[in-house]
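Worksheet for the structure shown next.
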There are 2 protein chains.
Amino acid sequence: MQTGRVERLPTLEDVARVAGVSRATVSRVVNGIRNVDPQLHELVWDAVGRTGYVPNRLARSLVTRRTGTVALVVSDSEAHDDDPFMGRFFADPYFGRVVGGLMSVLRTAGIQLALQIAGTEDQRTRLVGDLRHGQADGAIVLSLPGRDPLPRMLTDAGVPAVMIGRPADPVPINYVDLANDSGAALAADHLVATGRHTIVMIAGPPEVPASNDRTTGFRNAMARHGHGWVPVAAGNFTQESGEAAMRTLLAENPALDGVFVANDVMALGALLALREAGRDVPADVSLVGFDDSSAATSASPPLTTIRHPLEDMAAEAAKLLLARIEDPGMRVSAVIYEPTLVTRRSA
Amino acid sequence: MQTGRVERLPTLEDVARVAGVSRATVSRVVNGIRNVDPQLHELVWDAVGRTGYVPNRLARSLVTRRTGTVALVVSDSEAHDDDPFMGRFFADPYFGRVVGGLMSVLRTAGIQLALQIAGTEDQRTRLVGDLRHGQADGAIVLSLPGRDPLPRMLTDAGVPAVMIGRPADPVPINYVDLANDSGAALAADHLVATGRHTIVMIAGPPEVPASNDRTTGFRNAMARHGHGWVPVAAGNFTQESGEAAMRTLLAENPALDGVFVANDVMALGALLALREAGRDVPADVSLVGFDDSSAATSASPPLTTIRHPLEDMAAEAAKLLLARIEDPGMRVSAVIYEPTLVTRRSA
DNA sequence: AACACTTCGGAAAGCGCTCTCCAAAGCTTC
DNA sequence: GAAGCTTTGGAGAGCGCTTTCCGAAGTGTT
């Protein structure tokens, strides 16, 4: 049946005519506002059923200034058009875990998620403009690189927003974050406790705050254990970069017997490079990852890693945003999660 | 600065007043419609700049019946509330790859993606109602289980929609799919060609069409090679289920030397079970996966698998939908992708 | 100079809904 | 039974935008 969308859908007006009441009354009944005479009430619902009326959310939103939508903004201020990076980002378990966590909360609240990409300057201003107009009731921001102007723009515009991951520059914005430094410290403690002496690290991009925290957290903890100097090679969170970094580290520190890797996906790459070099994990080298993503369990040996409760954090971010939308005056708050060590076979 | 969203945003009216023209003229200029006197044109743009005007998409959509949004509907007709399954689904690389593919097209078209979950009967009718009202211009449907009533509802309602994966029941709906059966045949050919004799399969849930096609495709191809009977154990596409299925198969067919697994994630589980049983891959047992997801490359040994060009398929689905939105009379079409064999180390 | 065309900008009618007024009606209370 | 209250439903004014319809210029033709 190729009807297209030609025939006009029933409106409030139609229902009112059928029920023999005014538009206002129908609106009140449908929204359950104020006491309406039970008889009329039933009459109206009956008419709603007979006409097959469904409220038009757009029209409603226009007047109520509420859309029942929140935006998930993936902000990548360094993106170029056709940057293959975005594709990689979506395929990474990180993205899916965030979406899953958000939806677990939003779904029950009957709120939908609109995916937005803010790459260029232009997209950013349009996005903020749309949000100010109430295109969405608020925004969850996933900020990839450092120096992202978006968080500031959002707060200046008075748009309710919550970041997942702390903003690179101090901005009065709600956020949910992980104590990345203490997670890294956990890894350091574990490597030292299991008797490793020559310990190195594969870090993520230094301009990403989360990544940077892991590096400094690890260095500080190692210093407390008397290791004043830790060789570090940086990757960009991809498997290939982890492999490359591991090769570099092996070349420069043949005696290494412990590695901390800033995320599991890079750890997978490191595992490959170690095997290639004939080093057994965990017999010759202990390896600790970060995130406890699906990559960690599927690796062989399964990765000892730092558990990052990303789903919970995303869910918390959603709750925070909802609260913020309800009460715009709410004071800016941050929720920091403590990571835990998950011991598997690699260390 | 805790401004909230109190101060009224500039409207078309405001711009018109500043520019000294009518609302209609401003609208025409902003939308680049019809020739407007170059002088007025400049005057208007100037006023737009001075007032900081941004069009209100909601108001515009209400009259144009175009939203610049397409819905990504994850349809799970068997979902229960708080079903943990959804979380698993989002974390699976499948979801992210689809989103990435869709966004690669939608992004350049300036269209946003709204994530919707259709689990219960109730959600489904509300969703269709909203879509008929033009809440979104069209829908991409990811239908998880068989017997999903949603595709039919969508076509009956005249909502432009494209499915990723063929509908379980014949429905006149556009879709993009993979030739799952010939992919499975590729795996069969490869296992036989590499000299394997005792070949088994780990299948997915039989009620999922894609999964079912892989099973029958594999069986048929094996039959052509003279293997009339192939032992099959079914999992549910998770790693644990793959591990369990592998254990069952090993117990029942100790002599097995070749395994085809209906997706890479389960293959990871199978790998674990095989190692546990002391079987070396690929020396003792050849293993072929399906999807060529990130799991395949990160496994050790890396998985020989059937490449599923999911991103391309999603991108094609997006293009198809856009075309369909442009021309609602477009005839229903299907695009079937041919999978290819990717040879790595596991077989 | 009169006519037919074309081009261009403004007035105004909606899109479908919510919600503030206001009037009517029902109820108490003295 | 009149004054004062509390329900209850309707009229109608928007929300911010697009777009049709027209009249006023401007252009060209005979």
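Keep in mind that the numbers below use all heavy atoms, side chains included, and drop hydrogens, waters and symmetry copies. Letters A, B, ... are given to chains in the order of the sequence lines, protein chains preceding strands, and every chain is numbered from 1.
- Computed from coordinates, the A/E42 CD to D/dT8 C1' distance equals 18 Å when rounded to whole Å.
- Between the side chain of A/H133 and the main chain of B/V54, a donor-acceptor pair closer than 3.5 Å is present.
- For the pair B/L62 CG and D/dC15 P, the computed distance is 14 Å after rounding to whole Å.
- Proximity note for A/R60 (side chain, C-beta onward) versus C/dT18, D/dT18, C/dG10: the nearest is C/dT18.
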Apply side chain to side chain donor-acceptor pair (under 3.5 Å) to residues A/T51 and A/D14 and explain how you reach the verdict.
CA-CA 8 Å; A/T51 52; A/D14 299 321; over 6 Å; no
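- Rounded to whole Å, atom P of C/dG16 lies 15 Å from atom CD of B/Q135.
- For B/V63, the listed nucleotide lying nearest its side chain is D/dG16; candidates were C/dC17, D/dG16, C/dG9.
- The listed nucleotides are C/dT18, C/dG16, C/dG10; the one nearest the side chain of A/T64 is C/dT18.
- Considering A/T69, A/I325, A/L322 as possible partners of A/I111, the one that fulfils the side-chain contact (heavy atoms from CB on, under 4.5 Å) test is A/L322.
- A perpendicular orientation is assigned to the rings of A/F95 and A/F90, their planes being inclined by more than 60° (bins at 30° and 60°).
- Taking 3.5 Å as the limit, the base of C/dG10 and the side chain of B/R28 contain a donor-acceptor pair of atoms between them.
- If you measure from atom CG of B/N31 to atom C1' of D/dC17, you get 9 Å, rounded to the nearest angstrom.
- OP1 and OP2 of C/dG16 both lie 4.0 Å or more from every side-chain N or O belonging to A/T11.
- In this structure, B/L40 places its CG atom 11 Å from C1' of C/dG10, rounding to the nearest Å.
- Judged by closest nucleotide on DNA chain C, B/G20 is the one of A/V54 and B/G20 placed further toward the 5' end.
- B/E13 places its CD atom 10 Å from the P atom of C/dA11, with the value rounded to the nearest Å.
- Distances were taken from every side-chain heavy atom of B/R65 (C-beta onward) to each of C/dG10, C/dC15, D/dC15; the shortest belongs to C/dC15.
- Of the candidates C/dG16, D/dT18, D/dC17, C/dG16 carries the atom nearest the A/N56 side chain, counting heavy atoms from C-beta on.
- If you take CZ of A/R57 and C1' of C/dC15, they are 18 Å apart, rounded to a whole angstrom.
- Whole-Å rounding puts the A/L9 CG to C/dC15 C1' distance at 13 Å.
- When heavy atoms are screened at a 4.0 angstrom cut-off, B/L58 is found touching no nucleic acid atom at all.
- Side chain of A/D130 to backbone of A/L127: no donor-acceptor contact under 3.5 angstrom is found.
- Set against C/dC17, D/dG10, C/dC15, the side chain of A/A24 has D/dG10 as its closest nucleotide.
- Residue B/S22 has no polar side-chain atom (N or O) positioned under 4.0 Å from OP1 or OP2 of C/dG9.
- When distances run from any side-chain atom of B/S27 to the nucleotides D/dT18, D/dG12, C/dC17, the shortest one goes to D/dT18.
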